[in-house]
Q: 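Can you read through this structure? Questions will come right after.
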Amino acid sequence: MVDDVNPSSVDPEANAADSAGVVTERSAFQRVLTVTVGPIVAAFLLSAIILMLVGVNPLTYYGYILERSLFSGLGLEQTATRMAPLLFLVASLIIAFRAGIWNLGTDGQFLLGAVISAATAPLLVGVLPGWAVLVVGFALAALVGAVWSIIPALLKAYQGVNEIITTLMMSFLGVLLASTLVKLVFRDPTTTVPQTRTLPVADRLPRLFETSISSGLIWGLIAVVLVHLMMTRTSFGLRLRMVGANPAAATHAGLSVPLLTLATFGLSAGFAGLAGASEILGVAGNVRANWNPAYGLMVIPLVFLARFHGIGAIVLVFFYSALMIGSESAARRLGVPQDFTLVLVASLLICLGLGEYIDQHKRKKER
Amino acid sequence: MGGLLTEAFLSSLFTGAIVAAVPMLLAGLGEQMSEKAGVLNIGIEGMMLMGAYMGFLVAFKTDSLWLGFLGGILGGVLVAIVMAVLCVRLGLNQIVIGIGLTLGVEGLTALLHHFQFSRTYPRLPAPERLNIPGLTDLPVVGPSLFGRHPIVYLALMAVVVLALLYRRTNLGMTLRAAGERPAALDVAGGNVLGVRIFAVLFTGAMAGLGGAYLANIGAGLFIPFMTGGAGFIGIVLAMLARGRPLWVLIGSLIFGAALSMTTALQVAGSNIPTDVIQMLPFAAVMLVLVLFGRRAKLPSALGASYERGAR
């Protein structure tokens, strides 16, 4: 897929073996087979067994998902629209993971960003020009997302407290706080169900051309590409990666590790907030109480499978988004709960991990 | 105020604290062993959830709580086997696989629950209780401290047994070596991977038992996603306990009391939305981490997979 691009994963000896000649092509093909195609097929088979166990015909189910999400015009448009928030989350995680920070709190950051943009944007319509409403909505979401990461960031930077736990706890808190805010503070007084005011369709992110695809897709793609370039091509990105690779060495090189850690948290959580805003200002228009799509944790495996590479992650997000759209529809039509996608992603992760292991093992034997 | 301090209220507060504390205690004790041996077991949430599902399924089918607990242990161990193979044996990233397993178990149990129980939502009958004559009849604390299901006392015994194990036995020493200096253990003839695999499986068993308690005694039924972060709180307890089982017990009782206070407040009829009340345990965890996080001591090789001869 994208193995030779992440600088830290390049194995010099493997490259030397590649340049050896005739053997190369067959083994390169075999590698693709063990590292990507094989595991993906295995994961779908494994999930198919689980489907059969609960009495669902896997062929019908997979066929329905393909047909619904990729081979129908409307489905394809929905798939493309769904990509927007996921792409912003990918950008968020690429920054964090490349800098060696486990930001597992994107769900809370996402929801609080969503709530603040849904709370402010409808009130600003008419006060500010249309584009400014959206800009303010996005900016506030990024700010609130970043603010929600301050405690884990400070604890990590200055006290060395493991951020895995602190971000997870803040995520649980953020999800509950978002719901509380919707019920108590930002509630639309004119509706009976607790939800925020609704941003009129005309004031949301414009749609692309003649389709129903939200232009959030474009911004999400730009975000991922920019973040990728920042992390791989700029000196700032190099500094962040140095901190991630070896904090002690980075300190010796004269970098301020605490400040760079804070910057990583701020940027990563900010992008998670943007993801929330893109869903609200682009698609939903409001936040209902207890709404939590939980995209954040689901994107982590994708970013890992792409090995933190922006373009690879975009491709995976496309297929994952198709899976989501298809399975949402299948939940209504075929009665298979959408939770099945969790099973599929988990088996994909395990199978790809196994493929990677087998590949490394083989390479070692060849030496 | 007088209405709050009735015997019934206090009694339910104590009872609630213990019922809420036991799953976290079991998970925290389990996680502690993994962390000692150098494995950060993020998959514990998934092990707990699988324990809850299997525990309920077995108890429901066999009408036996004890078999249910065995089923819970089995469920947790099943997930732990996957974790042990992938993260310890093959050395894949512990955090990514942990999250992946948790997500996978969430999906799998929700799926199975949907096809088995979602129409009927069956409940288990109220659990049998251990009665200690004399003690159980004490006012207020009697029924809550001494009238519990025997599994509670087994969990308390586990605290003592584990404390002795870590301090007095070779196994305890080996566990610590596997977490601090795996290479040294290897040179000394110890089996790093074997010790770590044992620790992960033990975590699975404890987390699974905790999950089964949550489903069978705490709730009396299985609900998808019912662990709701209890496993993650177990990780925090293990982190803060600095390797001491007794501190896990104290921590779990404090969090249990906080949790039961919130339910008690709800019962007492306050107008605070449930979301706010549900925030309290997580807020408590954050507060503790802000105040004492610096003192959390983790083994130096935590999270790093061990491969012989690798630098």
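Quick note on labels: first sequence line is chain A, next is B, and so on, each numbered from 1. Source: prediction; values computed, not measured.
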Q: Side chain to side chain contact (heavy atoms under 4.5 Å, CB included), that's the test. Do A/D339 and B/F225 meet it? Break it down for me.
A: CA-CA 11 Å; A/D339 305 310; B/F225 307 95; 3.7 Å; yes
Q: What part of B/F232 gets closer than 4.5 Å to chain A, counting heavy atoms only: side chain, backbone, both or neither?
A: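 For B/F232, backbone and side chain are both near chain A.
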Q: Is it the side chain or the backbone of B/V285 that comes within 4.5 Å of chain A heavy atoms, both, or neither?
A: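 When you check distances to chain A, only side chain atoms of B/V285 fall under 4.5 Å.
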Q: Relative to chain A, which of B/L112, B/I99, B/V85 shows the most heavy atom pairs under 4.5 Å?
A: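 Heavy-atom pair counts peak at B/I99.
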Q: Kindly compute the distance separating CG (B/L90) from CG (A/L354), expressed to the nearest 0.5 Å.
A: 6.0 Å
Q: Looking at every heavy atom in both A/L176 and B/M279, which two are closest together, and how far apart are they?
A: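 Closest approach of A/L176 to B/M279: CB-CG, 3.3 Å.
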Q: Does some side-chain heavy atom of A/P337 sit less than 4.5 Å from a side-chain heavy atom of B/F115?
A: yes
Q: Can you tell me how far the CD1 atom of B/I95 sits from the CZ atom of A/F97, to the nearest 0.5 Å?
A: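 Rounded to the nearest 0.5 Å, the CD1-CZ separation comes to 8.5 Å.
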Q: Heavy-atom distances under 4.5 Å only: say whether A/V56 touches chain B with side chain, backbone, both or neither.
A: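 Contact with chain B involves the side chain of A/V56 alone.
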Q: Kindly give the heavy-atom pair with the smallest separation between B/L289 and A/L155, and that separation in Å.
A: O-CD2, 4.1 Å
Q: Start with the C-alpha distance between A/N162 and B/M239, add both sets of side-chain angles, then the distance that settles side chain to side chain contact (heavy atoms under 4.5 Å, CB included), and finish with yes or no.
A: CA-CA 9 Å; A/N162 190 319; B/M239 270 172 65; 4.0 Å; yes
Q: Determine the minimum heavy-atom distance between B/G100 and A/L349, stating which atoms define it.
A: CA-CD2, 3.6 Å
Q: A/I165, A/V161, A/T166, A/L173: which one forms the most heavy-atom pairs within less than 4.5 Å of chain B?
A: A/L173
Q: Given heavy-atom pairs under 4.5 angstrom as the criterion, report whether the side chain, backbone, both or neither of B/L108 touches chain A.
A: both
Q: May I ask you to name which of B/L92, B/I42, B/V96, B/N93 has the most heavy-atom pairs under 4.5 Å with chain A?
A: B/V96
Q: If we define contacts as heavy-atom pairs under 4.5 Å, which of A/G55, A/G335, A/S347 has the most with chain B?
A: A/G335
Q: Under 4.5 Å heavy-atom distance to chain B, tell me which part of A/V54 shows up: side chain, backbone, both or neither.
A: both
Q: Please indicate whether B/R176 has more than 12 foreign heavy atoms, meaning atoms of other residues, nucleotides or ligands, lying under 6.0 Å from its CZ.
A: no
Q: Rounded to the nearest 0.5 Å, what's the gap from CD on A/Q338 to CG on B/L111? Could you check?
A: 12.0 Å
Q: Search all heavy atoms of B/G104 against all heavy atoms of A/A346 and return the closest pair with its distance.
A: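 For B/G104 versus A/A346, the nearest heavy atoms are CA-CB, 3.4 Å.
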Q: Counting only heavy atoms closer than 4.5 Å, note whether B/V82 contacts chain A via side chain, backbone, both or neither.
A: side chain
